[in-house]
Amino acid sequence: MIKDYFINTVEQALQEAIKSNKVGQMSEYEKGTLVVEKPKNPDFGDFAINVSSLARVAHIAPPMIANAIVAEISDTENAYSVVGGFINFKAGKKLLSNLVGEVFKKRENFGKPENINSEKILLEYISANPTGPFHIGHGRWAAMGSVLANLLKFYGHDVYQEFYINDAGSQIKKLGNSLAIRIRQELGEKVDFPTDEVERKNYYPGDYLVPVAKKYLSENPQLKNIDNIDVKTLSDYAKLEMEKLQRALLDNFRVHFDRFYSELDLHKSGKVEKCVDLLRKSGKIYEKDGAEWFRSSDYDDDQDRVIKKADGSNTYLTADIAYHADKFDRGFDRLINIWGADHHGYIPRVKASLEALGYDSTKLEVLLGQLVNLVINGNEVRMGKRKNMVTLDDLIEEVGVDATRFWMTMRNIDTTLDFDIELAKTNSDENPVFYVQYAHARCCSILRHVVSEQVNAETGEKTKAPMSENELKALIDGFTPDVVLPTLETAKKLVLKLEEYKSMIKTSAENRQVYTICRYVQELASEFHSFYNANRVISDDKQMMSARIALVWAVKTVLYNALEGLLAVDAPERM
RNA sequence: GCCCUGGUAGCUCAGCUGGAUAGAGCGACCGCCUUCUAAGCGGUAGGUCAAGAGUUCGAAUCUCUUCCAGGGUACCA
């Protein structure tokens with residue numbers, strides 16, 4: 001609102017200046033050329049617009065343009081100044097107090113943009129094999145994906161979250177084979193996983209199947225040997241158990257999918273075969289070495305890909321193509337996938353196939369995420385498919401859901417994430433999660449304190465609460481912007497930070513970047529802690545107290561919205 | 001070889017659609033609790049933005065080359 005006010009004022013003044021021929025050869029202004037930014041040095045002002053971009057059209061020096069524009073501005077409530085090609089702006093009390101008023105009015109909807117072009121979005125993330133527990137990397141996609149879903153929904157999109165279960169390939173057979181070995185071991189047979197380099201790749205040697213084997217035996221107590229049991233039976237059993245495990249974890253991790261889409265069901269539905277037919281009809285399929293190849297190199301891919309193997313079965317890619325086509329067929333305007341960087345090679349293939357099938361592949365956005373390194377006692381532990389795998393379950397149990405979600409979200413998706421377990425566990429300002437939560441708890445503490453009777457620490461003498469419950473309620477429910485005027489002089493930075501929430505939401509949602517929410521919330525917490533230390537909220541000055549209480553309430557509300565509403569991290573009232 | 005990410009303060013990272021003196025947190029050092037949570041705040045020190053060249057009035061940001069790190073390069077999933 002403050003930013004909008006500033007740019008509108010400047011644009012209007014520019015139109016006036018153009019009309020009266022004061023900006024050189026400029027004959028019209030194209031909206032959107034000028035952007036509001038934050039001055040690097042706060043002494044310049046709260047916001048600034050650089051008019052240098054107009055110099056090309058106007059053919060006069062930027063400072064002259066800036067001066068010509070400011071000369072047309074008649075607003076006296078806010079301050080404008082020109083330095084070089086910049087028009088600097090200092091917000092007056094009216095704009096600031098109105099902003100706080102907006103928080104009171106909109107509450108949980110503060111920051112939600114208006115008039116956006118709402119899309120029906122399918123967001124796919126994690127999509128792991130049901131062959132074992134999640135590893136730490138999955139945790140990053142889980143946290144980022146669910147936060148992105150919350151953010152895009154808040155922004156105004158219609159978001160459908162989906163988890164694609166890769167339950168159709170050979171790895172399911174491996175799972176069954178592995179369970180068979182675990183069951184034999186439980187039955188007392190002297191068997192173990194093969195040690196042979198090649199053979200061992202057909203098994204999952206992790207011990208997570210031991211409890212599954214035990215469970216299977218307890219349900220089939222008469223079983224003495226499993227020679228007659230079909231591997232598929234064991235595969236299906238283990239798969240179901242793994243899925244249960246994964247879903248329980250997701251639930252606990254506050255990640256909620258609208259649908260778990262089974263690859264196996266996709267095959268059974270005939271959609272994969274239908275997709276192969278459509279590709280054949282597109283004329284982009286040819287035969288070579290007994291297999292059918294898709295001419296993806298006609299698009300952006302660097303080589304062609306096998307769509308049907310020589311043995312007649314489909315590749316993983318084939319099913320994935322059918323899956324993405326099905327997403328479009330279900331009527332989604334936009335597909336967003338979060339994939340690990342190790343899948344980046346897949347993007348050109350899938351996009352090529354979608355083009356060949358007649359879909360608009362630019363509607364598919366793939367967010368590539370770099371992987372996660374675990375840092376334990378200052379030492380990096382590389383993840384990946386090593387034997388000493390730390391599972392996501394272990395991590396969450398160690399550091400908690402809040403810290404795990406926050407840490408997994410707080411870095412740009414393009415950078416490898418160093419997850420420092422020790423730091424994530426600390427309860428101090430070294431740990432950003434606690435720092436932010438503490439700010440929220442502090443706000444709550446003040447709001448509690450102001451309606452509690454005061455006790456003198458030395459004499460034990462009690463005096464009545466600075467505000468009654470009713471007075472507080474009346475202040476919050478009947479808030480008018482002028483209430484906050486007395487404190488604006490000392491709280492300007494805090495109010496401007498509240499204003500920033502709106503642009504943060506906008507850019508985060510539009511760029512699909514969730515780490516910015518974490519940064520914002522840390523900055524708001526920091527501004528609040530500063531405010532808290534510099535200003536006493538509860539005091540004998542009734543007007544000042546009301547003003548500050550209102551501001552504290554506004555800060556609390558925004559922190560709560562960001563933490564609970566977007567990040568799905570607990571905003572505690574006490575710590 | 002080719003493709004994708006990174007390389008910015010001791011550490012972890014912002015900034016990258018070109019623009020005002022390169023920012024934050026942690027760590028280090030110096031201060032601040034008779035008052036609403038010191039799990040906090042204020043301050044100081046710390047940088048050839050990997051290297052080189054180019055484009056530009058202007059480059060951490062764009063282009064090219066080189067070096068370093070991670071990932072990928074299957075008729076696996």
Side-chain angles (χ1 to χ4, degrees), chain A residues 35 37 39-41 43-44 48 50 52-53 55 62 83-86 88 127-129 131 166-172 174 201 263 288-293 301-303 305-320 340-348 368-371 373 375 378 382 384 410-420 423 426-432 434-435 437-439 441-450 452 454 456-458 466 515-516 519 522-523 525-526 528-539 545 548-549 552 574-575:
Chain A
V35 284
E37 53 189 272
K40 296 222 166 124
N41 182 341
D43 290 343
F44 285 121
N50 185 352
S52 302
S53 55
V83 181
F86 287 88
N88 295 311
S127 296
N129 298 329
T131 54
N166 298 141
D167 55 359
S170 57
Q171 78 276 17
I172 295 299
K174 285 205 262 178
K201 284 183 181 158
E263 183 188 347
K288 193 179 93 183
D289 305 331
E292 288 184 65
W293 294 70
D301 203 0
D302 45 19
Q303 56 174 288
R305 308 290 167 179
V306 170
I307 229 69
K308 201 167 264 298
K309 303 183 214 169
D311 67 5
S313 65
N314 295 313
T315 60
Y316 173 78
L317 174 67
T318 317
D320 216 17
D342 51 341
H343 284 76
H344 94 268
Y346 254 78
I347 300 173
L368 274 189
Q370 296 297 313
L371 307 177
N373 292 324
V375 177
R382 291 222 180 284
M410 71 192 232
R411 296 290 179 228
N412 191 323
I413 195 165
D414 283 339
T415 80
T416 315
L417 176 70
D418 281 339
F419 196 114
D420 189 323
L423 223 50
T426 342
N427 294 5
S428 77
D429 55 1
E430 289 170 68
N431 186 354
F434 279 84
Y435 182 81
Q437 289 180 319
Y438 183 55
R442 246 185 178 173
C443 290
C444 293
S445 169
I446 295 170
L447 295 171
R448 268 197 312 271
H449 200 84
V450 76
S452 311
Q454 314 285 296
N456 187 306
E458 282 170 18
Y515 74 92
T516 37
R519 292 188 71 81
Q522 290 177 70
E523 286 165 11
S526 169
F528 173 71
H529 286 310
S530 299
F531 168 80
Y532 174 92
N533 272 270
N535 306 281
R536 207 174 151 75
V537 175
I538 296 169
S539 70
M545 181 167 73
R548 291 185 174 150
I549 284 289
V552 168
R574 298 169 197 271
M575 288 174 77

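The shown structure was predicted, so the numbers you read here are calculated from the model rather than taken from an experiment. In what follows, every chain begins at residue 1, and chains take the letters A, B, ... in the order their sequences are listed.
Looking at residues two or more places apart in sequence or on another chain, you find no ring-ring contact (aromatic ring centres under 6.0 Å, His included) involving A:Phe528. Applying the side chain to side chain contact (heavy atoms under 4.5 Å, CB included) criterion to A:Phe44, with sequence neighbours excluded, gives A:Pro39, A:Asn41, A:Val83, A:Asn88. Every residue meeting the side-chain hydrogen bond (donor to acceptor under 3.5 Å, both in side chains) condition with A:Asn166, not counting sequence neighbours, appears here in chain and number order: A:Tyr316.
Residue A:Lys174 is out of contact with every strand shown, counting any heavy-atom pair closer than 4.0 Å. Within the 4.0 angstrom heavy-atom criterion, only backbone atoms of the sugar-phosphate kind lie near A:Ala341; the bases stay farther away. Contacts of A:Asp302 with the nucleic acid, taken as non-hydrogen atoms under 4.0 Å apart, are absent.
Among B:rA77, B:rU73, B:rG71, the nucleotide with an atom closest to any side-chain atom of A:Gln171 is B:rA77. Comparing atom distances between the A:Met575 side chain and each of B:rA77, B:rA39, B:rG71 picks out B:rA39 as nearest. The listed nucleotides are B:rU5, B:rC75, B:rC76; the one nearest the side chain of A:Ser170 is B:rC76. Picking from B:rA77, B:rG71, B:rC41 the nucleotide with the shortest atom distance to the side chain of A:Ser530 gives B:rC41. You'll find that the side chain of A:His529 is closest to B:rC41, out of B:rA77, B:rC41, B:rG6.
Taking only distance into account, the side chain of A:Tyr346 meets the base of B:rA77 through a donor-acceptor pair shorter than 3.5 Å. Contact of A:Asp320 with B:rA77 (side chain to base): no donor-acceptor pair of N or O atoms is detected under 3.5 Å.
Mapped onto RNA chain B by nearest heavy atom, A:Arg574 and A:Gly169 fall at different nucleotides, with A:Arg574 at the one closer to the 5' end.
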- Where each pair must be Watson-Crick or G-U wobble with both distances under 3.5 Å, what dot-bracket representation of RNA chain B is obtained, with crossing pairs in [ ] and other-strand partners as |? ((((((((.[[[[.)...(...]]]].(((((.......))))).....[[[[[..)....]]]]])))))))....
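Contact between the side-chain N/O atoms of A:Lys309 and the OP1/OP2 oxygens of B:rC76 is found at a separation under 4.0 Å.
Atom CG of A:Leu368 is separated from atom P of B:rC3 by 16 Å (rounded to the nearest Å).
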Would you tabulate the pairs of protein nitrogen or oxygen atoms and nucleotide nitrogen or oxygen atoms of nucleotides 57-61 of chain B closer than 3.5 angstrom?
none

N/O contacts under 3.5 Å, protein versus nucleotides 7-14 of chain B?
residue : atom : partner  : partner atom : Å
B:rU12  : O2'  : A:Arg411 : NH2          : 2.7
B:rC13  : OP1  : A:Thr416 : O            : 3.1
B:rC13  : O2'  : A:Arg411 : NH1          : 3.2
B:rA14  : OP1  : A:Asn412 : N            : 3.3
B:rA14  : O4'  : A:Arg519 : NH1          : 3.4
B:rA14  : O3'  : A:Tyr515 : OH           : 3.4
B:rA14  : O2'  : A:Arg519 : NE           : 3.0
B:rA14  : O2'  : A:Arg519 : NH2          : 3.2

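Per the stacking criterion (ring centres < 5.5 Å, plane angle < 30°), A:Phe86 stacks onto the base of B:rA20.
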